[in-house]
A.B. asks: 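Sharing a structure below in structure tokens format, with a few things to ask.
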Amino acid sequence: MAEYKEIDSVAVIELKNPPANALSKALVTGLNNGVKRAIDNPRIKSIVLIGNGQHFSAGADITEFPRVADVTSKQGVSLLTVGDVIESCNKPVVSAIHGVCFGGGLEIALFSHYRLAVQSAKLGFPEVSLGILPGANGTQRLPRVVGFEVAMDMIVSGKPVSAPQALQYGILDKIVDGDLLTAAVQFAKTLNTVPHDRRLKNVPVPNSENANKHFEEKLAKIKQKQRGYIAPINCLKAVKASVDLPYSEGVTKEFQLFMELMSSAQARGQQYSFFSERAATKWYLSASKNYKVSKDIPVKTAGVIGAGTMGSGIAVSLLTSGIPVILVEQDSKNLERGIELIKSILQGGVKLKRMTQSQMNQILQILQPTTKIEDLQSVDLIIEAVFENLKLKQELFSKLDKICKRDTVLCSNTSTLDIDKIAKSTSRPEKVVGTHFFAPAHIMPLLENVYGNHTSAETIATVMKLSKKIRKIPVLVKTCHGFVANRTFFEYSQELRFVVEEGLLPNEVDDILEDFGMPMGVFKVNDLSGIDVGWRIRQEQAIANGFNLTTNTRYINGERYCAIADKIFQAGRYGRKTGKGWYQYDKPGGRVAMVDPNVNNIILNHCKELGLTRRKISTQEVIERCMFAAINEGFRCLEDGIASKPEEIDTIWLHGFGFPRYRGGPMFYASQVGLRKVYERIKYYQKHFPETSHWIASEMLQRIAESGRNVPISEWTKFNPTPTSSR
Ligand code: 3H9
């Protein structure tokens, strides 16, 4: 776990816990033993700590977090006890850093007396994203090196800094070229004693004159931008303690704030999110088709068809990851508009200093706009982003099948359509796959990849690998109407439209959702995505299923239907782009949503026409109805084999819909409410709303709820009554 060796008068202790040298109890104990061994050996004059493999250390072992006492224990060996041993050691200790040096790893480095790194190393405290704070004195030590303001920014944001930046801040003493171990040993040999100020607890926090002002400003920002999150606030308070209190009291304050977070439901949700994002990328169809054994086709060139908002965003994601793109539009006018859109997105990146003007120019050089679809004949992969219409997509895929080389992967950015129906129009269904991006495609992190009955493992491996390359969080699901994202979101939003039909106004519903932690209420989301888009999807579906949808429709095949959204569409209110939708906006394309009495009149008239008596609806009812409807549909996705584990559904909601990370995702939220209660309430709503089939409880949910025990989320799929594959 920690390997000890001696090079001349230098003891080298290598942190070894692949893949990221997480500081498990065993590794910390090994480190402690190694340092003590070096202290006890009179031949040893100095000590080097270094990481084995790709990183110095990714910090404390998060898998051990459920046992809070282990992480924080002042008895036995913890990060704090080994830190004290390192800091008080009279032989100079040098941390030699490469890869990442995060969290507890950086705390170990800050207990050390000197820090060296290679140019490519990254250093930071990402604890805030796990719902905690750097609890091994990181909040008291970092400010003593970099000052209050920088420490506050690093710890509250959780963002790492590069080695050159760390050198500038004084976190590093030196950046070394060549072999890190050789350089560190050489450096360690030049050291004899540990100067007083090399033990950070002896040093005051520099540049702290304006700490009160910075603290207040940051607190206001957190309350506005990270509404509902408690970890950033405790991080901020802990860093402030480094200025307000002597070291020994500061660490006590840090401990108290750390424990508050560690035992919070938010930390459980955020840590679950960390692991569920990783679990979601591990796809498995069978023993010979899964993420471990299936090989991808390298994507060196790509095509994007459709230069609208989605197509342009997709092209930007590919281009900024270094993949040359051939962008196809049907005519030069639309093509020109797409190029302008791409330029304006890139220009935004330049403005935000995410790239330089010359980097932007280089990116544009690998963009090849064209109106000739034949230009796509030799690309490795194509993403189609045309209108959401099955016939149109089938025609396009049939054409691509004839034009493109045999191993080109054909992807559709459909958000609802069955991939098998699209694949059917080609002679290569094994190469057809869904890549469902979320708007704006260059910003939203989720990529819902969709496999059909004929999609090959190689094609799946290709899009999963590509997703990571273009910095997306991929989730693989099976084809069906709406896949997981839109299937579950549909029930959520439909239930909220019913709530409006029964008594609340759109802004009242949105306020409740935003208080729950959603970044935007559902009606604001509708306005952003376009009321006309939703209307068109509903019309398409109605036509496909052979019925006529009008503003008088109340039931579809006996199912309750709410036509208010269609009435909003009929009133010419298409959302933000027209300056009015569920809300009134300051201007077309504007962002400031205001309540519009005209919308309220449409709703009230709708109810009057139908003879509906409006009523007061509680916050609890709103949350239960939208969340439990989505959760029940989530269980059905598991039953149908559309999703293979709850973590996939949660990752989709976290990164596709901005579900609050501290709640983990809807399925995790259900586990926190308790599945027994969720099930009981679903049965209650079914009794009250028998004409809505999404209240028929999923059999899987029922089985778990009636099992009489608190089944952990990792075991839910064992209760699936209809496991459809071996995934
Ligand atoms: C902390 O330090 C608290 C202290 O301040 C105070 C305590 C008192 N623990 O992401 P990847 C696993 S809190 C356990 O797929 P990449 C990860 O689950 C800690 N496991 O690869 C995955 O496992 P699997 C603060 C960890 O190359 C595998 O490593 N630190 C840990 O894209 C590969 O990970 C953080 O928050 C861990 N700390 O990225 C850092 N870290 O293969 C969190 C990773 O079974 N980690 N694993 O799915 C990261 O940011 C990224 O994982 C890292 C590698 C950049 C390291």
Side-chain angles (χ1 to χ4, degrees), residues 15 17-28 31 51 53-74 76-84 97-111 120-142 154-155 157-160 162 231 234-235 238-239 251 254-263 267 270-284 291-292 445 464-465 467-469 471-474 645 647 651 661 714:
L15 309 177
N17 183 17
N21 296 330
L23 293 157
S24 61
K25 193 93 181 142
L27 179 53
V28 170
L31 174 60
Q54 289 182 23
H55 303 291
F56 180 76
S57 169
D61 189 334
I62 309 164
T63 59
E64 292 183 352
F65 276 6
R67 299 191 300 275
V68 178
D70 284 2
V71 182
T72 55
S73 166
K74 299 211 166 169
V77 183
S78 70
L79 266 175
L80 285 169
T81 49
V82 75
D84 279 347
I97 298 164
H98 74 297
V100 304
C101 175
F102 284 174
L106 182 52
E107 286 170 317
I108 290 292
L110 291 172
F111 279 114
S120 57
K122 286 202 167 85
L123 298 89
F125 281 125
E127 282 86 340
V128 70
S129 68
L130 299 169
I132 56 169
L133 56 77
N137 302 354
T139 65
Q140 305 305 297
R141 292 175 165 271
L142 186 65
M154 280 181 68
I155 292 174
S157 75
K159 285 193 188 134
S162 64
N234 277 23
C235 282
V239 180
V251 295
E254 178 196 85
F255 182 72
Q256 175 220 324
L257 292 165
F258 175 76
M259 287 308 288
E260 244 175 64
L261 293 177
M262 201 64 172
S263 52
Q270 287 175 255
Q271 286 158 27
Y272 164 84
S273 301
F274 174 86
F275 288 113
S276 66
E277 284 154 0
R278 281 155 184 83
T281 62
K282 297 185 169 84
W283 60 278
Y284 187 94
Y291 74 99
K292 277 191 187 154
M464 291 300 275
K465 179 95 178 268
S467 311
K468 283 200 171 175
K469 181 157 187 199
R471 300 176 305 275
K472 299 288 176 198
I473 297 176
K645 39 190 180 256
E647 290 91 338
T651 303
R661 196 172 174 81
S714 55

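All values derive from a computational prediction rather than experimental measurement. Only this structure's heavy atoms are used, side chains among them; waters, hydrogens and symmetry mates stay out. In each ligand, atom 1 is the first atom listed, and ligand 1 is the first ligand listed.
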A.B. asks: Going by the atom numbers of ligand 1, which of them fall below 4.0 Å from some non-hydrogen atom of Pro134?
C.D. replies: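 The atoms of ligand 1 under 4.0 Å from a heavy atom of Pro134 are 5 (O).
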
A.B. asks: Within the 4.0 Å heavy-atom shell around Gly104, which atoms of ligand 1 are there?
C.D. replies: 1 (C), 2 (O), 4 (C), 5 (O)

A.B. asks: May I ask you to decide if Pro18's main-chain N or O and His55's side chain share a donor-acceptor pair within less than 3.5 Å?
C.D. replies: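 No: the side chain of His55 does not pair with the backbone of Pro18.
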
A.B. asks: So if I count the atoms of ligand 1 from 1 in the order they appear, which ones are less than 4.0 Å from some heavy atom of Ile62?
C.D. replies: 9 (N), 14 (C), 37 (C), 38 (N)

A.B. asks: Identify the two heavy atoms, one from Lys282 and one from Lys645, that lie closest to each other, and give their separation to 0.1 Å.
C.D. replies: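 Looking at all heavy atoms of both residues, the closest pair is O-NZ, 2.9 Å.
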
A.B. asks: Taking all atoms of both residues into account, what is the closest heavy-atom pair of Ile62 and Gln271, and its distance?
C.D. replies: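 It is CG2-CG, 4.2 Å.
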
A.B. asks: Measure across Met154 and Leu123 and return the closest heavy-atom pair with its distance rounded to 0.1 Å.
C.D. replies: CE-O, 4.2 Å

A.B. asks: Can you sort out which atoms of ligand 1 are near Ala22, meaning under 4.0 Å from one of its heavy atoms?
C.D. replies: 9 (N), 14 (C), 37 (C)

A.B. asks: Does an N or O from Arg278, backbone or side chain, lie closer than 3.5 Å to an N or O of ligand 1?
C.D. replies: yes

A.B. asks: For Lys282 and ligand 1, answer yes if some heavy atom of the residue is under 4.0 Å from a ligand atom, otherwise no.
C.D. replies: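 Contact check Lys282 vs ligand 1: positive.
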
A.B. asks: Using heavy-atom distances, let me know which of Pro126, Gly59, Gly99 sits nearest atom 35 (C) of ligand 1.
C.D. replies: Pro126

A.B. asks: Which atoms from ligand 1 have a heavy atom of Phe65 less than 4.0 Å away?
C.D. replies: 13 (S)

A.B. asks: Short list, please: which atoms of ligand 1 are under 4.0 Å from a heavy atom of Pro19?
C.D. replies: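 Heavy-atom distances to Pro19 below 4.0 Å select 28 (C), 29 (O), 33 (C).
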
A.B. asks: I'd like to know if the side chain of Asn17 reaches the main chain of Ala22, judged simply by a donor and an acceptor atom lying under 3.5 Å from each other, with no hydrogens or angles considered.
C.D. replies: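 Between the backbone of Ala22 and the side chain of Asn17 there is a qualifying donor-acceptor contact (under 3.5 Å).
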
A.B. asks: Is the closest N or O pair between Ala58 and ligand 1 shorter than 3.5 Å?
C.D. replies: yes

A.B. asks: Write down the atom of Gln270, the atom of Leu130, and the distance for their closest heavy-atom approach.
C.D. replies: CB-C, 3.6 Å

A.B. asks: Check ligand 1 against Phe275 and write out every atom of the ligand that is under 4.0 Å from a heavy-atom position of the residue.
C.D. replies: 18 (O)

A.B. asks: List the steps and the verdict of salt bridge (charged side-chain N to carboxylate O under 4.0 Å, His left out) for Glu277 and Arg661.
C.D. replies: CA-CA 11 Å; Glu277 284 154 0; Arg661 196 172 174 81; 2.5 Å; yes

A.B. asks: Under the criterion side-chain contact (heavy atoms from CB on, under 4.5 Å), which of Val251, Leu79, Leu110 is the partner of Asn137?
C.D. replies: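 Single side-chain contact (heavy atoms from CB on, under 4.5 Å) partner of Asn137 among Val251, Leu79, Leu110: Val251.
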
A.B. asks: Using a 4.0 Å cut-off to any heavy atom of Phe274, which atoms of ligand 1 qualify?
C.D. replies: 18 (O), 43 (C), 46 (N)

A.B. asks: Considering both backbone and side-chain atoms of Ala60, is one of its nitrogen or oxygen atoms within less than 3.5 Å of a nitrogen or oxygen in ligand 1?
C.D. replies: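 Yes - when backbone and side-chain N and O of Ala60 are compared with those of ligand 1, one distance drops under 3.5 Å.
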
A.B. asks: With sequence neighbours excluded, tell me which residues meet side-chain hydrogen bond (donor to acceptor under 3.5 Å, both in side chains) with Arg471.
C.D. replies: Thr320, Ser321

A.B. asks: So is there a nitrogen or oxygen of Thr63 less than 3.5 Å from a nitrogen or oxygen in ligand 1?
C.D. replies: no

A.B. asks: State whether the side chain of Glu647 and the backbone N or O of Ala279 hold a donor-acceptor pair below 3.5 Å, judged by distance alone.
C.D. replies: no

A.B. asks: For ligand 1, is any non-hydrogen atom under 4.0 Å from Leu80's backbone (N, CA, C, O), its side chain (CB onward), both, or neither?
C.D. replies: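 Neither; no heavy atom under 4.0 Å.
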
A.B. asks: Taking the minimum heavy-atom distance to atom 55 (C) of ligand 1, which of Asp61, Val100, Leu133 ranks first?
C.D. replies: Val100

